[in-house]
Amino acid sequence: MHVLILGGTTEARALAGALHSEVRVTSSLAGRVARPRLPEGEVRIGGFGGAEGLADWLRAHAVDAVIDATHPFARTMSFNAARAAATAHVPLLALRRPGWVPVAGDDWHPVASLEEAAAALDALGERVFLTTGRMGLAAFADCPQWFLVRSVDAPDTPMPAHAELLLDRGPFTLEGERELLRRHRVDVLVTKDSGGAATAPKLRAAREAGVPVVLVRRPPIPPGVPVATTPAEAAAWLRARP
């Protein structure tokens, strides 16, 4: 059996590690991170050329199943995967970590897009901790607020006019996030609902400090695609296939 994992996430690496001794595993990474953490098994880096290119790749490499374990906000890739899998008649599963759930004391302001997040800032604060990644920073380019922009790699798109760039990669600690909020006098946090534990400490730090959180909601999963929430569930789905 040949399994294609559309990866780049912690869950994708864990799944590749669990499967590579049982089946042939190829993990595909988008190539947007300069020094990605490579999974076990075969690895390819770069795009496929849209849904048609991916369908051709599935046929050419005799892929028996596809697991979409991309970032929850990789909407284009997920919909391309759904179209390609349907075209090539290959079963597809989406592996998505659960989203975050607010608890008592949280002051969350859900929005549907980065543009809505930028528009919400005027009513919430002047010093922004922006943790949405380097893609899409242009949405905040005209904001008057001061920004602490955290990203794994340096952005190649316009930054907010008043900003400090912090290059760092999770997982992050609660104490570290508390110190960032304190040192930079942050009064509003902007993040995506990525879920998972690696970047969750910022939410607790914000709750403790009484800092409001602008939370960008996830895009939908393509209709009709089954979903697993853990690598173990995804592995079980694959092993149950004929």
Side-chain angles (χ1 to χ4, degrees), residues 1-20 22-97 112-114 132-139 151-157 192 194-195 216-229 231 233-235 237-239 241-242:
M1 176 181 284
H2 185 193
V3 180
L4 175 65
I5 299 176
L6 303 174
T9 59
T10 300
E11 291 78 14
R13 290 191 295 275
L15 180 61
L19 293 176
H20 86 283
E22 303 176 31
V23 299
R24 180 186 174 192
V25 176
T26 300
S27 294
S28 178
L29 309 182
R32 292 179 176 174
V33 177
R35 298 178 304 279
R37 294 170 177 165
L38 298 180
E40 296 181 82
E42 301 174 37
V43 178
R44 71 173 303 279
I45 296 178
F48 292 94
E52 291 184 4
L54 177 54
D56 290 341
W57 197 94
L58 296 178
R59 296 189 193 99
H61 292 82
V63 171
D64 298 292
V66 179
I67 298 179
D68 172 16
T70 55
H71 191 277
F73 283 82
R75 184 183 189 278
T76 298
M77 186 68 248
S78 292
F79 276 80
N80 282 346
R83 289 192 291 270
T87 299
H89 304 289
V90 174
L92 170 68
L93 175 76
L95 172 55
R96 291 289 185 274
R97 70 188 74 144
S113 66
L114 294 175
T132 55
R134 66 188 180 97
M135 308 297 291
L137 287 179
S151 175
V152 174
D153 294 316
D156 51 12
T157 55
K192 295 177 177 178
S194 300
V216 183
R217 292 190 293 265
R218 296 179 176 191
I221 292 172
V225 176
V227 180
T229 60
E233 287 181 16
W237 173 85
L238 187 67
R239 290 168 182 143
R241 303 206 61 79

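All residue numbers refer to positions in the sequence shown, counting from 1.
Here the side chains of Leu54 and Thr87 are not in contact, with every heavy-atom distance at 4.5 Å or above. The shortest distance between side-chain heavy atoms of Arg96 and Thr70 falls below 4.5 Å. Looking only at side-chain heavy atoms (C-beta outward), Arg241 and Asp64 stay at 4.5 Å or farther from each other. Counting only heavy atoms from C-beta outward, the side chains of Pro219 and Phe79 never approach each other to under 4.5 Å. Using a 4.5 Å heavy-atom cutoff, the side chains of Ser27 and Arg13 are not in contact. Leu19 places a side-chain heavy atom less than 4.5 Å from the side chain of Arg239. Taking the side chain as every heavy atom from C-beta outward, Arg134 and Asp156 approach each other to under 4.5 Å. Put simply, the side chain of Trp57 reaches to within 4.5 Å of the side chain of Arg44, judged on heavy atoms.
Nearest heavy atom pair, residue Leu92 against residue Ala85, reads CB-CB, 3.8 Å. Between Ala81 and Leu6, the closest heavy-atom pair is CB-CD1, 3.6 Å. Annotation for Val90 and Val63: closest pair CG2-O, 3.6 Å, computed over non-hydrogen atoms. The shortest non-hydrogen separation linking Arg217 to Phe73 is O-CE2, 3.1 Å. Closest heavy-atom contact between Thr9 and Ala69: OG1-O, 2.7 Å. Scanning all heavy atoms of the two residues, the minimum distance from Gly8 to Leu29 falls at N-CD2, 3.4 Å.
Checking Arg24, His20, His61 one by one against Glu42, the side chain to side chain donor-acceptor pair (under 3.5 Å) holds for a single residue, Arg24.
The closest donor-acceptor contact from the side chain of Thr157 to the backbone of Ala138 lies at 3.5 Å or more, if one exists at all.
The line from NE2 of His71 to CD of Glu11 is 9.5 Å long, rounded to the nearest 0.5 Å. Between Ile221 atom CD1 and Asp68 atom CG the span is 8.0 Å, to the nearest 0.5 Å. Rounding to the nearest 0.5 Å places OG of Ser194 at 7.0 Å from CZ of Arg218. Atom CE of Met1 sits about 5.0 Å away from atom CG of Leu238, to the nearest 0.5 Å. Note that CE of Met135 and CG of Leu114 are 10.5 Å apart. Values are rounded to the nearest 0.5 Å.
For Glu52, the CD atom is loosely surrounded, since the number of other residues' heavy atoms within 6.0 Å does not exceed 12.
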